[in-house]
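First comes the structure, then the notes that go with it.
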Amino acid sequence: MTVDAVAANLGGVALVVLPGLGLAELFAPLRQLPFLRRLGYSYLLGLLVLGGVLFAASHLFGVPLRRPAILVAVLVPAVLGLVARLRRTEARSHRQASRWQIAAALCIAAICLGPLTSALTAPLGDWDGRMTWSPLAAYLRHEGTVDASVLQEDHWWIIHPRYPPLLPLAQVAAQETFGAEEDDQFYRALYAGFLPALLLVIYDGARRAAGTRAAILTVLCVAVLPFLSYGAGGATSAYSDLPLAGFYSAALVLLLLERTRPSAGLAAGCLLAGAILTKNEGALLAMAALLLSSLRLLRRPAPYRWFACAAGPALAAFALLTSWRAAIPNRDDEDYFAVLHLSDLLHGAVARLPVIVPEILRWTFRWSSWLGFWLLFLVILIAGYRALRRPDARLLLLAGLVPAAVGWAAYAVSTRLEGLLGETWDRFLLQGMVPLAITFAIALK
């Protein structure tokens, strides 16, 4: 990769970070965090702002997906955040990190440089990135609209034409802003950036729930896992599972571990909107996050405004996605909702146990992907079982199992069970990684 391509890749990261930092300044629970912990949320929010604004502007108002619209999507939230920061005079406390904390941070940063270097020096090689997300981005960029005719005319052969387009729109922004040619891949660093964002969210959530030491040890355990960096869904791919895991888990941290105030609910709702616009199962994960967070309403005076603020952006994102999909005939895609009946689900989930369970165990404890992390997770959870007496720990554990439950439902009705399980189970584990890692930190403490 040439120097210009590396610069364009890093510029694509800046297109996400700048509006994300601006938006984070508008939410009190985020702007009060130290810069590094805030940066993980900012990266996710920046992707939502960049892709979400382009999505809504193109679909609702016919705005072309060109540089002027992209620059507006980047600069407006960045400027608003800067103005809000300059107008505030909040005192910020800074604690000096210990030597071992600095050493751990340097170690984690070095680990994250590996996938970034790989992404910048090798062409994209994964299946979904080359066959689904990047072609969709190319179609949208070529026609300059999210309502591309190639999607809406059913005589064109398109894989997954109705997949949520948030990540492809982010690719369009990077490619269009820096003048990429057809075969240039100026979006690789954008995907690699989700790994440090995910680790920062894990650290923030674990630190809230279990303290600094347990949080750092947990992040170190997670950072070294090969699948997060190099797996089919990790930081060197162009799959959407790592971004989905980030959106889902960041929202959970704010919903389950932050005070129930409207600003926290609104920030979480924006992150849930990102999950819905990232992948098909994002809508199910967002629904599960809202249901789990609603249990907090039963334990204290009802903060209904907080919950409404969380649900509002998610519902708006779902409405936008539904409106966009209405004009796109579905073809060459698995339509699980059309074939999923409760009787078939229950029958398949039980009847296929002899096939599903051994395969799940094999992929979960596969050393080359997870280095025994899930075995360590079980050992720590059993040893620290008293942690599960905490309501937040139980909710986090349930939230971490939701993606696995979604996968199990798909396996129960799939016509190609073994192939689908081998392709997707690791990715469902990844989607639930953060709440499970925070539960791990609580038990570790």
Among residues two or more places apart or on two chains, list those pairs meeting ring-ring contact (aromatic ring centres under 6.0 Å, His included) that have a residue in residues 111-149. Trp133-Tyr163
Determine whether a donor-acceptor pair (N or O, by modelled atom type, separation under 3.5 Å) exists between the side chain of Asp154 and the backbone of Pro329. no
Across all chains, not counting sequence neighbours, the ring-ring contact (aromatic ring centres under 6.0 Å, His included) partners of Phe186 are none
Between Leu255 and Leu395, is there a side-chain heavy-atom distance shorter than 4.5 Å? no
Can you name the salt bridge (charged side-chain N to carboxylate O under 4.0 Å, His left out) partners of Glu153, sequence neighbours left out? none
Could you walk me through whether Trp306 and Leu266 pass the side-chain contact (heavy atoms from CB on, under 4.5 Å) check? CA-CA 7 Å; Trp306 160 77; Leu266 187 58; over 6 Å; no
Of the non-hydrogen atoms in Leu195 and Ser229, which two are nearest, and what is the gap between them? CD2-OG, 3.6 Å
Check whether the side chains of Trp370 and Thr364 place a donor and an acceptor atom closer than 3.5 Å, and report yes or no. no
Rounded to the nearest 0.5 Å, how far does CG of Leu252 lie from CG of Leu290? 9.5 Å
Check whether any side-chain heavy atom of Leu167 lies under 4.5 Å from a side-chain heavy atom of Pro243, and answer yes or no. yes
Atom pair CD1/OG of Ile202 and Ser249 - distance to nearest 0.5 Å: 7.0 Å
Please name all residues satisfying salt bridge (charged side-chain N to carboxylate O under 4.0 Å, His left out) with Arg366, sequence neighbours left out, ordered by chain then number. none
If the condition is ring-ring contact (aromatic ring centres under 6.0 Å, His included), which residues does Phe27 pass it with, not counting sequence neighbours? none
side-chain contact (heavy atoms from CB on, under 4.5 Å) between Phe227 and Leu429: does it pass, once the steps are laid out? CA-CA 10 Å; Phe227 186 80; Leu429 290 176; over 6 Å; no
When the ring planes of Phe377 and Phe373 are compared, do they come out parallel, tilted or perpendicular, using 30° and 60° as the limits? tilted
List the residues meeting salt bridge (charged side-chain N to carboxylate O under 4.0 Å, His left out) with Asp128, not counting sequence neighbours, and say none if there are none. Arg427
About how many Å separate CD1 of Ile158 and CE of Met131, when rounded to the nearest 0.5 Å? 10.0 Å
Atom of Phe307, atom of Ser293 and distance for their closest heavy-atom approach: CE1-OG, 3.8 Å
Closest approach of Ser58 and Leu65, non-hydrogen atoms and distance? CB-CD2, 3.8 Å
Verify salt bridge (Lys or Arg N to Asp or Glu O under 4.0 Å) between Arg67 and Glu176, making sure each step is shown before the conclusion. CA-CA 7 Å; Arg67 285 181 184 171; Glu176 185 70 17; 5.3 Å; no
Let's go through Val201 and Leu44 carefully: what are the C-alpha distance in whole Å and the side-chain angles of both, what is the deciding distance for side-chain contact (heavy atoms from CB on, under 4.5 Å) to 0.1 Å, and is it a yes or a no? CA-CA 10 Å; Val201 171; Leu44 297 164; 4.2 Å; yes
Listed partners of Phe247 passing ring-ring contact (aromatic ring centres under 6.0 Å, His included), at least two apart: none
Of the non-hydrogen atoms in Arg331 and Val150, which two are nearest, and what is the gap between them? NH2-O, 3.0 Å
Using side-chain heavy atoms (C-beta onward) and a distance below 4.5 Å, is Trp156 in contact with Leu151? no
Between Thr236 and Tyr191, is a side-chain contact (heavy atoms from CB on, under 4.5 Å) present by the stated rule, with each step listed? CA-CA 7 Å; Thr236 51; Tyr191 283 90; over 6 Å; no
So does Arg66 have more than 12 non-hydrogen atoms from other groups sitting under 6.0 Å from CZ? yes
Salt-bridge present (Glu25, Arg31; N to O < 4.0 Å): no
Looking at Leu124, is its backbone amide N or carbonyl O close enough to the side chain of Gln185 to form a donor-acceptor pair, meaning the two atoms are under 3.5 Å apart? yes
Exercise: identify the closest heavy-atom pair between Gly233 and Tyr239: CA-CB, 3.6 Å
Please check if the side chain of Arg188 supplies one atom and the backbone of Ala122 the other of a donor-acceptor pair under 3.5 Å. yes
Taking atom types as modelled, is there a side-chain donor on Tyr230 or Ser237 under 3.5 Å from an acceptor on the other? no
Using distance only, find each side-chain donor-acceptor pair of residues 431-442 under 3.5 Å and give its atom names and separation, not counting sequence neighbours.
from: Gln431; atom 1: NE2; to: Asp241; atom 2: OD1; distance (Å): 2.8
from: Gln431; atom 1: NE2; to: Glu281; atom 2: OE2; distance (Å): 3.1
from: Thr439; atom 1: OG1; to: Pro435; atom 2: O; distance (Å): 2.8

Side-chain contact, heavy-atom cut-off 4.5 Å: Pro168 with Arg141? no
Show every donor-acceptor pair shorter than 3.5 Å between a side-chain atom in residues 11-20 and any protein atom, with sequence neighbours excluded, or say none if there are none.
none

Is any side-chain heavy atom of Leu120 closer than 4.5 Å to one of Thr117? no
Validation: residues 309-324 side-chain donor-acceptor distances under 3.5 Å, sequence neighbours left out:
from: Thr322; atom 1: OG1; to: Phe318; atom 2: O; distance (Å): 2.8
from: Ser323; atom 1: OG; to: His59; atom 2: NE2; distance (Å): 2.8
from: Trp324; atom 1: NE1; to: Val146; atom 2: O; distance (Å): 2.9

When you measure from the side chain of Arg325 to the backbone N and O of Arg162, does any donor-acceptor pair fall under 3.5 Å? yes
Residue pair Trp425 / Glu359, side-chain heavy-atom distance below 4.5 Å: no
Sequence neighbours left out, what passes ring-ring contact (aromatic ring centres under 6.0 Å, His included) with Phe428? Give chain and number order. none
Indicate yes or no: at least one non-hydrogen side-chain atom of Leu45 is less than 4.5 angstrom from one of Cys270. yes
Contacts of type salt bridge (charged side-chain N to carboxylate O under 4.0 Å, His left out), residue Arg261, not counting sequence neighbours: Glu258
Show the nearest heavy-atom pair for residues Leu254 and Arg296, with the distance to one decimal. O-NH1, 4.4 Å
Let's go through Ser134 and Tyr187 carefully: what are the C-alpha distance in whole Å and the side-chain angles of both, what is the deciding distance for side chain to side chain donor-acceptor pair (under 3.5 Å) to 0.1 Å, and is it a yes or a no? CA-CA 9 Å; Ser134 295; Tyr187 52 84; 2.9 Å; yes
Do the side chains of Pro164 and Thr278 get nearer than 4.5 Å, heavy atoms only? no
Set out, in order, the CA-CA distance, both residues' side-chain angles and the distance that settles salt bridge (Lys or Arg N to Asp or Glu O under 4.0 Å) for Arg208 and Asp204, then state yes or no. CA-CA 6 Å; Arg208 293 169 185 259; Asp204 180 56; 2.9 Å; yes
For Ser369, is there any backbone N or O sitting under 3.5 Å from a side-chain donor or acceptor partner on Asp426? no
Would you give the length of the straight line joining atom CG of Leu200 to atom OG of Ser42, rounded to the nearest 0.5 angstrom? 10.0 Å
Spacing of Leu285 atom CG and Leu272 atom CG [to the nearest 0.5 Å]: 9.5 Å
What is the distance from atom CD of Glu182 to atom CG of Asp184, rounded to the nearest 0.5 Å? 10.0 Å
